[in-house]
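Written below as structure tokens is the structure these notes are about.
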Amino acid sequence: MNKATTQKNTYANITAIGGYVPKQRRTNKDLEKVTDTNDEWITKRTGIKERRILEKGLATSDMAVHAIENLLVNYNKKLTDIDAIIVATSTPDMPMPATANIICEKLGIDHVWGFDINAACSGFLYALDLGASLVESQRYKNVVVIGADKISAYVNIQDRSTNILFGDGAGAVWLEPSKETGVIDALMQSNGQGRAFLNIEAGGSLHPYSELEEDDDKKYIKQDGKVVFKQAIQSMSEACLDVLNRNQLTIEDVNWLVPHQANKRIIDAVGKQINIQEDKTLVNIANYGNTIAATIPLCIWENTSKIKKGDLVLLTAFGAGFSWGASLLRWSI
Ligand code: ACO
């Protein structure tokens, strides 16, 4: 369907944003002490200098709560106005209840529809599209969309193919209805063909923790970096061009590209493929690494001084599944 010809009565607008990263830093130098790696290699191959690590005893919900509190401090919003909370995460506090429920309890609100979705690194884009649809349906007015992950809980610190990449964090946006254009379109895709190349096998019903030996490495995140690398570039580039195309827009119309922050070389390659001017791509990977569902809201949050009201923003992500997509929106703050 050509979305550009579909007139919307109501648009979902992002009217507030917040973020949070834990204080504890894990630098490249720290990793040199535990595995056979070095700062120069990591910087050159990934663009990452350090990541943030959430302390033991705290969980994904704690970071999400901090992100919402940060949003409330900076924008004129009331917790009691929230109608729905959608949490994109692959690292919920526990299998049940949903992390959204735990967040509500910690915030002291008990009137919202809250639930989690898991689409790995594409989670925030999936949740944003879902949240925007709820607002456009006019059945929900104030929808909070969160991307939050404590992926450090699944990183084997001895595994240099993953320990260099991942860090913890959370970002949150507030969606509201408006007659002005906000979220324009989203093109989300997924398949199961990438399952073998990027996964955490244990902790679900197939390999429950109760059946694992202590040294079983199924409890850790594992990947074939090369396969993921190539597929990420191809899928994100295609999704960006497709979503622009079906809205009769070109790359010249885009003011900002906010790509999932997985590897600076992936970001650069996507930029080249879609032919976007280099200084239009927002990047903060050096400081946080890959925070899974949190990378995109965190990157926008850190760059709100650059993005002006009415700017056309293109978001794109790729992750486990494989799952991927691209979203288009007019910035509305
Ligand atoms: N430190 C030092 N040397 C290393 C390291 C390391 N951490 N890892 C590999 N090497 C060495 C290898 O042994 C190899 O040495 P050799 O040439 O002597 O054989 C050399 O460096 C190159 O290794 P490659 O595995 O080819 O390194 P590559 O350039 O593919 O980089 C990386 C690996 C960073 C994991 C990359 O493949 C990548 O980023 N892939 C994408 C993965 C990803 O982003 N996953 C996140 C989830 S999905 C998403 O968010 C998109």
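Source: prediction; values computed, not measured.
- Donor-acceptor pairing under 3.5 Å is recorded for the side chains of Thr89 and Asp149.
- A salt bridge links Asp217 to Lys222: at least one charged side-chain nitrogen sits closer than 4.0 Å to a carboxylate oxygen.
- Other residues, nucleotides and ligands contribute at most 12 non-hydrogen atoms within 6.0 Å of the CD atom of Glu180.
- Separation of the Trp113 and Phe115 ring centroids falls under the 6.0 Å cut-off.
- Taking 4.5 Å as the limit, some side-chain heavy atom of Pro97 sits within range of a side-chain heavy atom of Ile102.
- Salt-bridge annotation for Arg51 and Asp168: absent, with no side-chain N of the basic residue lying under 4.0 Å from a carboxylate O of the acidic one.
- Scanning all heavy atoms of the two residues, the minimum distance from Met63 to Pro22 falls at SD-CG, 3.9 Å.
- Closest approach of Ile146 to Ala64, counting heavy atoms only: CG2-CB, 3.8 Å.
- Scanning all heavy atoms of the two residues, the minimum distance from Ala127 to Ala88 falls at CB-CB, 4.0 Å.
- When all heavy atoms of Lys106 and Asp62 are compared, the pair lying nearest together is NZ-OD1, 2.9 Å.
- Between the side chain of Asn247 and the backbone N or O of Val243 there is at least one donor-acceptor pair closer than 3.5 Å.
- No hydrogens or angles considered: a donor-acceptor pair under 3.5 Å links the side chains of Thr10 and Gln138.
- Side-chain atoms of Thr35 never come within 3.5 Å of backbone atoms of Thr37 as a donor-acceptor pair (strictly under, hydrogens ignored).
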- Between Glu302 and Ile300, is a side-chain contact (heavy atoms from CB on, under 4.5 Å) present by the stated rule, with each step listed? CA-CA 5 Å; Glu302 286 211 326; Ile300 301 175; over 6 Å; no
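- Atom-to-atom distance recorded for Leu314:CG and Leu249:CG is 9.5 Å, nearest 0.5 angstrom.
- With hydrogens and angles disregarded, a donor-acceptor distance shorter than 3.5 Å links the side chain of Asn191 to the backbone of Phe322.
- Within 6.0 Å of CG in Asn76 there are 12 or fewer heavy atoms belonging to other residues, nucleotides or ligands.
- We find the NZ-CD distance between Lys56 and Gln24 to be 11.5 Å, quoted to the nearest 0.5 Å.
- Under a 3.5 Å cut-off, the side chain of His111 and the backbone N or O of Thr80 do form a donor-acceptor pair.
- Within the 3.5 Å criterion, the main-chain N or O of Thr91 finds a donor-acceptor partner in the side chain of Thr60.
- The structure places CG of Leu315 at 5.0 Å from OG of Ser327, a figure rounded to the nearest 0.5 Å.
- Side-chain contact annotation: Lys77 with Thr15, donor-acceptor N/O pair under 3.5 Å present.
- At a cut-off of 3.5 Å, with distance as the only test, a side-chain donor of Ser323 or Ser122 sits close to an acceptor on the other residue.
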- Working for side-chain contact (heavy atoms from CB on, under 4.5 Å), residues Thr295 and Tyr288: CA-CA 8 Å; Thr295 67; Tyr288 308 123; over 6 Å; no
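- Residues Asn28 and Trp41 have side chains that never bring a donor and an acceptor to within less than 3.5 angstrom of each other.
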- Task: Assess whether side chain to side chain donor-acceptor pair (under 3.5 Å) is satisfied between Asn263 and Thr46, documenting all intermediate values.
- Result: CA-CA 5 Å; Asn263 182 318; Thr46 70; 5.7 Å; no
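- In this structure, Ile48 and Thr43 have side chains that are not in contact, with every pair of non-hydrogen atoms separated by 4.5 Å or more.
- A donor-acceptor pair is defined here as one N or O able to donate and one able to accept, closer than 3.5 Å; no such pair exists between the side chain of His66 and the backbone of Ser61.
- Using a 4.5 Å heavy-atom threshold, the side chains of Asn303 and Trp256 count as separate.
- Salt-bridge annotation for Asp242 and Arg246: absent, with no side-chain N of the basic residue lying under 4.0 Å from a carboxylate O of the acidic one.
- Looking at Leu165 and Asn163, their side chains never come closer than 4.5 Å, going by heavy atoms from C-beta outward.
- Checking side-chain atoms of Asn199 against main-chain N and O of Arg195 turns up a donor-acceptor pair under 3.5 Å.
- Around atom CZ of Arg265, more than 12 heavy atoms belonging to other residues, nucleotides or ligands sit under 6.0 Å away.
- The shortest distance between side-chain heavy atoms of Trp301 and Asn70 falls below 4.5 Å.
- When hydrophobic clusters are built by joining Ile, Leu, Val, Met, Phe, Trp and Tyr residues whose side-chain heavy atoms come closer than 4.5 Å, directly or via intermediates, Leu125 is grouped together with Val145.
- Put simply, Leu31 and Tyr154 are part of the same group of oily side chains (I, L, V, M, F, W, Y) that touch within less than 4.5 Å, one to the next.
- Between atom CG of residue Asn255 and atom CG of residue Leu312 there is a gap of 6.0 Å, rounded to the nearest 0.5 Å.
- Counting heavy atoms from C-beta on, the side chains of Ile292 and Phe124 never come closer than 4.5 Å.
- Clustering ILVMFWY residues whenever any of their side-chain heavy atoms sit less than 4.5 angstrom apart, transitively, puts Ile296 in a cluster other than the one holding Leu257.
- Looking at Asp39 and Lys49, a side-chain N of the basic residue comes within less than 4.0 Å of a carboxylate O on the acidic one, giving a salt bridge.
- A distance-only check finds no donor-acceptor pair linking the side chain of Glu69 to the backbone of Gly18 [under 3.5 Å].
- Counting heavy atoms from C-beta on, the side chains of Arg330 and Tyr11 never come closer than 4.5 Å.
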- Test side-chain contact (heavy atoms from CB on, under 4.5 Å) on Phe229 and Ile266 and set out the steps. CA-CA 7 Å; Phe229 190 94; Ile266 295 178; 3.6 Å; yes
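- Rounded to the nearest 0.5 Å, atoms CD1 (Ile86) and CG (Leu128) are 9.0 Å apart.
- The backbone N or O of Asp83 lies less than 3.5 Å from no partner atom in the side chain of Asn142, so there is not a single donor-acceptor pair.
- Nearest heavy-atom pair across Gly169 and Leu298 is CA-CD1, 4.2 Å.
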- Query: How far apart are the C-alpha atoms of Arg25 and Arg52, what are their side-chain angles, what is the distance that settles it, and do they pass the side-chain contact (heavy atoms from CB on, under 4.5 Å) test?
  - Reply: CA-CA 5 Å; Arg25 293 174 149 86; Arg52 299 299 182 94; 2.9 Å; yes
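- Residues Glu176 and Tyr140 have side chains that never bring a donor and an acceptor to within less than 3.5 angstrom of each other.
- Rounded to the nearest 0.5 Å, atoms CD (Glu50) and CD1 (Ile42) are 12.0 Å apart.
- Clustering ILVMFWY residues whenever any of their side-chain heavy atoms sit less than 4.5 angstrom apart, transitively, puts Val270 in the very cluster that holds Phe318.
- Scanning both residues, Gly319 and Leu198, for their nearest heavy atoms gives C-CD2, 4.1 Å.
- When only modelled atom types and interatomic distance are considered, Asp279 and Gln277 share a side-chain donor-acceptor pair under 3.5 Å.
- At least one donor-acceptor pair under 3.5 Å links the side chain of Lys280 to the backbone N or O of Val254.
- Side-chain contact between Val258 and Thr281 is absent, with no heavy atoms from C-beta onward closer than 4.5 Å.
- When the side chains of ILVMFWY residues are joined at heavy-atom separations under 4.5 Å, either directly or via intervening members, Leu329 and Val143 end up in a single hydrophobic cluster.
- The residues Asp216 and Lys219 are annotated as not salt-bridged, no charged nitrogen and carboxylate oxygen being separated by less than 4.0 angstrom.
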